[in-house]
Amino acid sequence: MLSPALLSAREQTRHSLDLIPKPQKVEIGEGVFKLNSATAIVSDDSFNAKYLAGILNGSTGLGIREGGNKEESNTITLSINPESDIPQEGYLLSVTPEKIVVESSTSKGSFYAIQTLLQLLPPSVYGNPTGDEKWEVPCVRIEDSPRFPHRGLMMDVSRTFFSLDYIYRFLDWMAYHKLNVFQWHITDDNGWRIEIKKYPELTEKGAWRGPGEVLPSAYGSGNKRYGGFYTQKEIKEVIEYAAKRNIEIIPEIDMPGHSKAVISTYPQTGCDNKTHFISINGEVKNVWCVGNEENYKMLDNIIKEVAALFPSKIIHVGGDEVNMDNWKECSKCRALMKKMKMENPAELQNYFMQKVEAIINKYGKTMAGWDEILDGGTLDPSTRIYSWRSVRKPLEAVERGHQTVLQLSEYYYFDMKQSPAERGHNWAAIIPIERVYSLDPVESCNIPENRKELVLGAQGALWAELLNKPSRFSEYQYYPRTCALAETVWTNQELRDFNDFQTRLEKTHFERLFHMGIAFRVEAPGVIYKGNRLVVTLPYDWAVVRYTTDGSEPSCTSNIYTGDIVTFEPEKFRFATFYKDLFKSITVTADNIVPDYIKPETVIETSFGEQRSFPKSNITDYNFNTYWRTERTGVEGDYVTYLFKEPVKCSRITVNTSIPDIDLYGVTDGYVEYTYNGTDWIRGDDFADNSAVIVPQDGKEIKGVKIVFTDTTDALCVALQDLKIE
Ligand code: ACM
Ligand code: ZN
């Protein structure tokens, strides 16, 4: 049931357009155009007409037909005139009570007019109609075209494998937001996911990780076989589907680093160094050997197939985060450095990139790479630079004459958390939606006027190592932040205003996202305790916040918050925002109530050694933000014992592993033990999601807690935390 407050808020939205991304020019007229079963679509582009009819008929059930005559009333005309001076992706949309007319110079413009038209209809036009809708379009005249030609999202399918079905839906969602580039990060250390006919083992072996596979398990895939890949036929179909929706697919074959999947499959492609230097992601043996000339033949064969498969003129070859120490010890790389009189291994990277660039150019394509490829030498000015490491990188790229696309980690890495307590990383920044919206890709990067055209646009990215938790994690991380990005790259800067955007988002666009089938992130309520009252700040005016009074997770049947709650036990309350009782925010307690954990003096006994930057002492200081990172991975027989100086009386001990609030480097295979007398150990729970809980028998004091490892953990180290004793 919708509360009255909710209904009236919805009512207010009826007459507002709330378009995202905001068009460049909107004039609101009088009256509405009513869709009915006699409405006809007259079009110069058969795909666009079918696309529009498909969506409209799917939701309205009106049986709107294609055909008819644009002179007649009750028509939607999609007229394309290549001679017109409307920009490539631009359109004019005019809605009167008699007819809807779209003008554009290309089918792309016409496609975007359709997206705007859909947003002018009730949100359930995208799916799940109630049957009570009025299928009416308010009269308007909209003149629109994008600010930037490159408006994208990047998806990492290597660390997490996404199904084809999901990718199709993802592309639809992009189209609804007028995004036009999908960067398919299709190879990386943890899985090669594109069929290469000449090297079938790349996917027969390199697409899989787990026991007995060439790739070890990683990122919580645990001790099961994990992976998958896309055949060239499947990729071709995805490319065609995307192209019809004006989305270019750019493949990224990451090299010379991030290549563990290749090197594990074909070990001769790697270097012969004896010391294995670790990449920033904790991988070893993941760098192509630059000095092995045979490698360029293999790369040529791979690129040849990629170039033939993808119509995009761009092939992205990564080039990021190479641990070049590997090259310093390799006999072939050393010999090449000597022969070429190179002093610095960065010059080897440049050598590699130039060779790859020549191969890519030979197949009629242009190279793109992350901003590291500018280090160590020059590249052809045609090479496109994807700036990620800092806001200074776009300027560096354009000053050197390269086109650049912004995928700045501090703004557009959607694997980052949206607030401190949420899932995700935080190494680049905490990235709430305001932060995504705040950046002007030109002004904020100090791009001079005469280099502006080299900034092609921006894209958001989800690096996918926090595997599949929660199950809606992809949508949770991408949306609604993608909506902010879409407006950044479409709408002229002078029209952009965060508060206005947020109002459109919350009033109407959330509803559209829901009907599009996107399980987007919902903002948690703010809760404080003052004067014996719990006071909740709703994240938006008509949000539904539910709560429990016994420390349990709120569910869609929990009480709805309607006003201050008087209590003397605020620590027992839990709150969450619900969207249509289907998905909810994280669960929160009052901000100013810190749980009163018991903090006994504790010593650690362990089979692990010390690690200097993240020392063992971090897990006995009861600072819950710091942690101990072991110097190696955990294997069967390893243990970590927490021994209490004095026995502890408590109701519950939570043994968390992994980096605090980030699901990385936890214990994947193991269990806990505990002791009442200091000698006899009682087996407790197995670790699940990096955690185990001990509940002692009533009144019994505990003398120690032990983590017992039963198998190899799936990262190069283990992260351990302080015990949470209640
Ligand atoms: C990157 O984040 N390594 C491009
Ligand atoms: Zn080498």
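Along the sequence shown, residues carry numbers from 1. First listed ligand is number 1; within each ligand, the first listed atom is number 1.
The cationic atom of Arg193 (NZ for Lys, CZ for Arg) does not lie both less than 6.0 Å from the six-membered ring centre of Tyr230 and within 45° of the ring axis. A cation-pi arrangement is present between Arg245 and Tyr241, with the terminal nitrogen or guanidinium carbon under 6.0 Å from the aromatic centre and inside a 45° cone about the axis.
Between Arg159 and Asp188 there is a salt bridge, since at least one side-chain N of the basic residue sits less than 4.0 Å from a carboxylate O of the acidic one. For Asp300 and Lys362, the salt-bridge test passes: some basic side-chain N is under 4.0 Å from an acidic carboxylate O.
Each of the atoms 1 (C), 2 (O), 4 (C) of ligand 1 lies under 4.0 Å from some heavy atom of Tyr413. Here is the list of ligand 1 atoms found below 4.0 Å of a heavy atom in Glu321: 3 (N). Residue contact check: Trp463 has heavy atoms under 4.0 Å from atoms 1 (C), 2 (O), 4 (C) of ligand 1. Close approach of ligand 1 to Asp320 is summarised as follows: ligand atoms under 4.0 Å from at least one heavy atom of the residue are 1 (C), 3 (N), 4 (C).
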Going through the distances and angles, do Glu89 and Arg151 end up as a salt bridge (charged side-chain N to carboxylate O under 4.0 Å, His left out)? CA-CA 12 Å; Glu89 296 184 290; Arg151 307 179 300 278; 2.8 Å; yes

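Remark: at the Zn ion (ligand 2), atom SG from Cys271 and atom SG from Cys330 enclose 110°, rounded to the nearest 10 degrees.
Judged by the shortest distance from any of its heavy atoms, Tyr386 lies outside the 4.0 Å radius around the atoms of ligand 1.
Residues Tyr437 and Glu487 share a closest heavy-atom pair of OH-OE2, 2.6 Å.
Remark: ligand 1 and His258 share no N or O pair separated by less than 3.5 Å (distance only, no angle test).
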